[in-house]
Amino acid sequence: MKIVTRFAPSPTGYLHIGGARTALFNWLYSRHHKGVFRLRIEDTDRQRSTPAAIEAIIEGLQWLGLNWDDEIVYQFSRAERHAEVAKQLLAQGRAYHCYASPEELEQMREEQRAAGKPIRYDGRWRDRPASDHRPNVAPVIRIKAPQTGETIIRDQVQGDVRFGNDVLDDFILLRSDGTPTYMLSVVVDDHDMGVTHIIRGDDHLTNAARQRQIIDAMGWPEPVYAHLPLMHGEDGQKLSKRHGALGIHEYKDLGYLPEAMRNYLLRLGWSHGDDEIIPTAQAIEWFNLENIGRSPARVDFKKLDNVNGHYMRQASDEALADATLPLFKGQASTDLRAKLIAAMPGLKERAKTLVELADSAQFLTATRPLKVDDKAQKLLTTEARALLARLKSVFEQATTWDAPSLDAAARHFAEANGLKLGAIAQPLRAALTGRSTSPGIFDVLAVLGRAESLARISDQASP
RNA sequence: GCCCCCAUCGUCUAGCGGUCUAGGACGUCGCCCUCUCACGGCGAAAACAGGGGUUCGAGUCCCCUUGGGGGCACCA
């Protein structure tokens with residue numbers, strides 16, 4: 001059997017890290033089984049769906065390298081088909097018209113709340129004869145769900161989850177304006193798209209029981225379910241804007257590599273023994289549903305940084321230079337690219353993100369003669385200032401910018417002045433009070449090359 | 001309120017009844033390497049939420065408590 005998975009985000013916001021992980025798992029599963037991975041945009045909420053969000057989702061997936069198969073399905077465009085299924089269910093007696101007004105239902109729920117009873121539709125129109133129908137009111141169509149027995153979702157992650165059918169109510173399939181509800185649309189689309197495995201967030205677990213009512217009523221085959229635990233922010237609270245629920249594009253802007261992102265996301269909720277660094281090809285080979293964890297995971301930027309650093313060190317100088325070049329904005333050029341590649345061996349060892357890499361490579365674009373502005377000057381100790389002046393003269397004359405020759409120049413300078421190389425950095429650090437890390441030789445160069453950068457650092461350093 | 005899910009170091013996790021005086025990774029702290037930082041190497045501190053069972057034996061199985069999370073719309 002051909003495995004078909006799908007990722008079905010609703011374009012009401014940007015693709016966040018939780019959604020990205022869901023997409024990754026679906027993608028991995030289909031690739032492992034040489035199956036199909038499809039993308040469906042659930043845009044039936046016309047109020048909240050935006051073209052910008054659709055764009056962001058597509059770009060995010062592309063950046064992550066999660067390529068989908070076949071055409072993208074836009075759920076809204078399939079509304080007629082969804083309505084057709086609702087009517088078919090109606091004709092088969094598996095659904096019925098309900099004329100209760102929203103106000104009436106709200107009152108019903110209010111009473112249930114007050115009485116401490118479970119909140120659900122009470123089936124008031126379930127068995128009413130057609131003669132009761134109100135000609136001047138547009139009805140909704142509700143599923144006629146079984147009221148006894150139980151529905152068991154055989155979930156690949158959560159195990160068998162049982163729901164008493166008495167807690168499942170007759171939910172709405174088709175609204176009074178003739179548009180389908182989410183519950184109907186998903187089921188119909190998954191069926192029509194041939195989806196065999198539904199891998200999605202935990203928040204849909206209880207929905208699965210409802211959706212099964214439709215599937216059973218239509219006599220369609222049951223898909224295999226795998227409900228992933230939701231992700232939490234760094235503080236353990238619900239994922240929100242403050243807690244790392246950044247759009248995936250923001251991770252790109254932060255300087256993370258797609259490969260690292262995939263590795264990090266994979267390990268968040270899935271494991272393969274003690275393995276940590278799992279390149280994508282290996283992940284495809286190993287991925288399965290059995291090893292998905294059942295408890296929610298928190299995002300951890302420190303770990304992401306570490307994984308990213310690993311992939312950066314592993315990347316070729318050329319590839320890294322190309323990935324970093326765009327960060328130089330207008331200054332990017334083939335000349336700069338060559339310099340970047342030359343300096344890369346020394347640069348990539350100490351950067352955790354592309355942004356850090358670009359930052360420490362700023363000296364490459366410094367216009368000479370180098371200058372340090374007054375504000376920064378004032379913060380420097382006399383000793384450091386003198387050293388800086390002498391250093392400047394050396395590096396102003398430097399013509400080649402590859403790491404070895406810079407290193408040689410610095411060494412030469414140190415020897416000529418009777419200093420240890422490390423000593424060049426030390427006074428600078430002393431000058432920049434409060435800076436916890438001592439600047440390396442490249443940092444010194446960066447400072448020399450960027451007066452504004454020094455000013456910025458001193459802003460942070462001064463009380 | 002009702003239904004459902006979850007619970008091992010700070011974090012991600014290994015563990016699928018004995019081999020667990022609980023392993024790995026990130027982070028933290030030492031030491032080493034070294035011209036600084038970083039990388040790398042070595043080492044340390046750090047966890048089975050609590051209580052009952054079942055069993056010769058429980059981190060591993062069952063129940064309860066507690067604590068998190070999700071769902072209960074003419075949203076998706």
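Naming convention: chains lettered A, B, ... in sequence-line order (proteins, then strands); numbering from 1 in each chain.
- No side-chain heavy atom of A:Leu174 sits under 4.5 Å from any side-chain heavy atom of A:Thr181.
- Rounded to a whole angstrom, the distance from the P atom of B:rG59 to that of B:rC16 is 13 Å.
- Pair check for B:rG1 finds B:rC72; Watson-Crick or G-U wobble, both atom distances under 3.5 Å.
- As judged by a 4.0 angstrom heavy-atom cut-off over every strand, A:Tyr264 is placed among residues making no nucleic acid contact.
- When the C1' atom is used for both B:rU8 and B:rC4, the distance is 24 Å, rounded to whole Å.
- Sequence order on RNA chain B of the closest nucleotides to A:Val167 and A:Val157 puts A:Val167 first from the 5' end.
- Remark: A:Asp169 does not engage A:Arg142 in a salt bridge, criterion side-chain N to carboxylate O under 4.0 Å.
- For A:Lys303 against B:rA25, a side-chain-to-base donor-acceptor contact under 3.5 Å is present.
- For A:Ala100 and A:Glu349, each mapped to the nucleotide of RNA chain B holding its nearest heavy atom, the one lying further toward the 5' end belongs to A:Glu349.
- Here A:Phe25 and A:Phe287 bring their ring centres to under 6.0 angstrom of each other.
- Within 4.0 Å of A:Arg267, counting heavy atoms only, lies at least one base atom of the nucleic acid.
- Nucleotides B:rA58 and B:rC72 have their C1' atoms positioned 37 Å apart, rounded to a whole Å.
- A:Ile119 comes within 4.0 angstrom of a nucleotide base, judged by non-hydrogen atoms across all strands.
- Salt bridge status for A:Asp305 with A:Lys302: absent, with no side-chain N to carboxylate O gap under 4.0 Å.
- As rounded to the nearest Å, B:rA38 and B:rC32 have C1' atoms that lie 16 Å from one another.
- Nucleotide B:rA38 has no partner under the Watson-Crick or G-U criteria, as no pair reaches both atom distances under 3.5 Å.
- Contacts of A:Thr44 with the nucleic acid, taken as non-hydrogen atoms under 4.0 Å apart, involve only primed sugar atoms and P, OP1 or OP2.
- The partner of B:rG10 is B:rC26, judged by Watson-Crick or G-U wobble contacts that both fall below 3.5 Å.
- When heavy atoms are screened at a 4.0 angstrom cut-off, A:Glu276 is found touching base atoms of the nucleic acid.
- When heavy atoms are screened at a 4.0 angstrom cut-off, A:Arg48 is found touching base atoms of the nucleic acid.
- Between B:rA49 and B:rU60, the two P atoms lie 8 Å apart (nearest whole Å).
- Using a 4.0 Å heavy-atom distance criterion, A:Arg210 is classed as a sugar-phosphate-only contact.
- Taking atom P in both B:rC3 and B:rG10, one finds a spacing of 33 Å when rounded to whole Å.
- Nucleic acid contact for A:His227: none, since no nucleic acid atom lies under 4.0 Å from a heavy atom of the residue.
- Residue contacts shown for A:Gly269 are limited to sugar-phosphate atoms, with no base heavy atom under 4.0 Å away.
- Among the nucleotides B:rC26, B:rG69, B:rC74, the one closest to any side-chain atom of A:Leu230 is B:rG69.
- Straight-line distance between the P atoms of B:rG68 and B:rC62: roughly 23 Å, to the nearest whole Å.
- For B:rG71, the base has no donor-acceptor partner in the side chain of A:Asn207 [N/O atoms by modelled type, under 3.5 angstrom].
- Under the Watson-Crick or G-U wobble criterion, with both distances below 3.5 Å, B:rU55 has no partner in any strand shown.
- One finds a side-chain N or O of A:Arg294 lying less than 4.0 angstrom from the OP1 or OP2 phosphate oxygen of B:rC6.
- Each of B:rG68, B:rU36, B:rC4 was ranked by its minimum atom distance to the side chain of A:Arg350; first place goes to B:rU36.
- The phosphate of B:rC74 has OP1 or OP2 within less than 4.0 Å of a side-chain N or O from A:Arg109.
- For A:Thr206 against B:rC3, no side-chain N or O and base N or O form a donor-acceptor pair under 3.5 Å.
- Distance check on atom C1': B:rA7 versus B:rG15 gives 15 Å, rounded to whole Å.
- No close placement of the A:His16 and A:Tyr14 rings is indicated, their centers lying 6.0 Å or farther apart.
- In the set B:rU11, B:rA25, B:rG40, B:rG40 carries the atom at the smallest distance from any side-chain atom of A:Arg313.
- Using a 4.0 Å heavy-atom criterion, one finds that A:Pro102 contacts the bases of the nucleic acid, with or without backbone contacts as well.
- Ring centroids of A:Phe7 and A:Trp68 are separated by 6.0 Å or more, keeping the two rings apart.
- Within 4.0 Å of A:Val140, counting heavy atoms only, lies at least one base atom of the nucleic acid.
- Look at A:Arg212 and A:Glu222 and you find a salt bridge, because one of the NZ, NE, NH1 or NH2 atoms lies within 4.0 Å of a carboxylate O, short of that distance.
- Heavy atoms of A:Ser295 sit under 4.0 angstrom from primed sugar atoms or phosphate atoms, though from no base atom.
- Contact check on A:Glu106 versus A:Arg113 returns a salt bridge, with a Lys/Arg side-chain nitrogen under 4.0 Å from an Asp/Glu carboxylate oxygen.
- Phosphate proximity of B:rC39 to A:Lys352: present, with a side-chain N or O under 4.0 Å from OP1 or OP2.
- A:Arg113 has no side-chain polar atom (N or O) that falls below the 4.0 Å cut-off from OP1 or OP2 of B:rC72.
- Set against B:rC5, B:rC74, B:rC12, the side chain of A:Asp202 has B:rC5 as its closest nucleotide.
- Contact annotation for A:Asp43: no contact, since no heavy-atom pair falls under 4.0 Å across all strands.
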